[in-house]
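Notes to accompany the following structure.
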Amino acid sequence: MTYAQSVKDEILKNMKGLRACCQQSFLLAVLGGSSSFNLQNGQLCPTLTTRDEKLAQVSCDIAQKHLSSTPQLVKEQKGKHQKFDVTFDGDVAQKLGLVQTVDGAVEICDTIPPMSNCCKTAFIKGLFCTFGSVTIPKPAQGSIADMTPSQSYHLEIALPKVAWCDQVLEILTSVVDGFKVTEREESVLFYLKDAEHIGNMLVAMGAVAGKLMLENVLVERSIRNNANRQANCISANIDKTVAASEKQILAIQKLKNNGKLQKLSDELKEVAEARLNNPEATLLELATRLNLTKNCVNKRLYKLIELSQKK
Ligand SMILES: [Zn+2]
């Protein structure tokens, strides 16, 4: 199962608990952009076609319970894929505010009826479950085994071009910040690219498990980034230590070869000896070994280099 499907399943599972007004707003979003309409007995009857059995079932239930309709659910098996056609009878479209009658002709409405705040969220759930998709980077340890690997955070709603697309953006931004819009072929694409905005959207839609999974990925990635940064930092320090040590050893060996080292003070000779014997030690390690301060060891090593450069 994909991450997107797990989020949709979570939303659909909780639909029964919503108010009647919200359930209808959900169905309005589902049918408003996707359905084909047939004229039956002077009424426009919408048909929803989807691969998501749960979406088909939830849509049926809402129409049955709140719009006194008896939808027909037909399952079609095409090879591996299943397809579900739900045909809604009676005046479902009319009741949802999807059709209007002008001089006896039936037309699809070009505006969405005004909604209260609770219904806006339900409308967004309907949009996402029907036209939505979301991907996040795959967690190292995830509960979704065959999750599609992705490197980026992306949530989108690809709505077929309907007259009320502008209203959709208004409704989306009234609930979650950050939505951008673009057109793609026959669709209008509403999308989020930022993990934080996607998290807010998941919470708004009640996809708590989905949000937790996103959070896990964020934490995991930040730990990994920090570890990488630390490792980089450590190896940079090692490089620096090695380069400094090489320079010191060259200087000490030069002093040794030209006999100058023997004539130096015991303090300098002690540090020179310690460095030669411990080429990979850091300043702090040398200082600890000699029971001196780091600063002191540094000064003496610096002095040795200076002396080696004197003619
Ligand atoms: Zn409501």
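We count ligands from 1, going down the list as the structure has it; atoms in each ligand are counted the same way.
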(message) Looking only at the side chains, is there a donor atom on one of E10 and N14 sitting less than 3.5 Å from an acceptor on the other?
(response) no
(message) Side chains of Q5 and D52: any donor to acceptor distance under 3.5 Å?
(response) yes
(request) Sum up the protein N, O or S atoms located under 2.8 Å from the Zn ion (ligand 1). (result) 4
(request) For the residue pair S68 and K95, confirm or rule out a side-chain donor-acceptor distance under 3.5 Å. (result) yes
(message) Can you list everything that forms a salt bridge (Lys or Arg N to Asp or Glu O under 4.0 Å) with E76? Sequence neighbours excluded, please.
(response) K83
(request) Compute whether any side-chain donor of one residue and acceptor of the other, for N226 and R229, lie under 3.5 angstrom apart. (result) yes
(request) Using only heavy-atom distances, determine whether the side chains of T49 and D85 contain a donor-acceptor pair under 3.5 Å. (result) yes
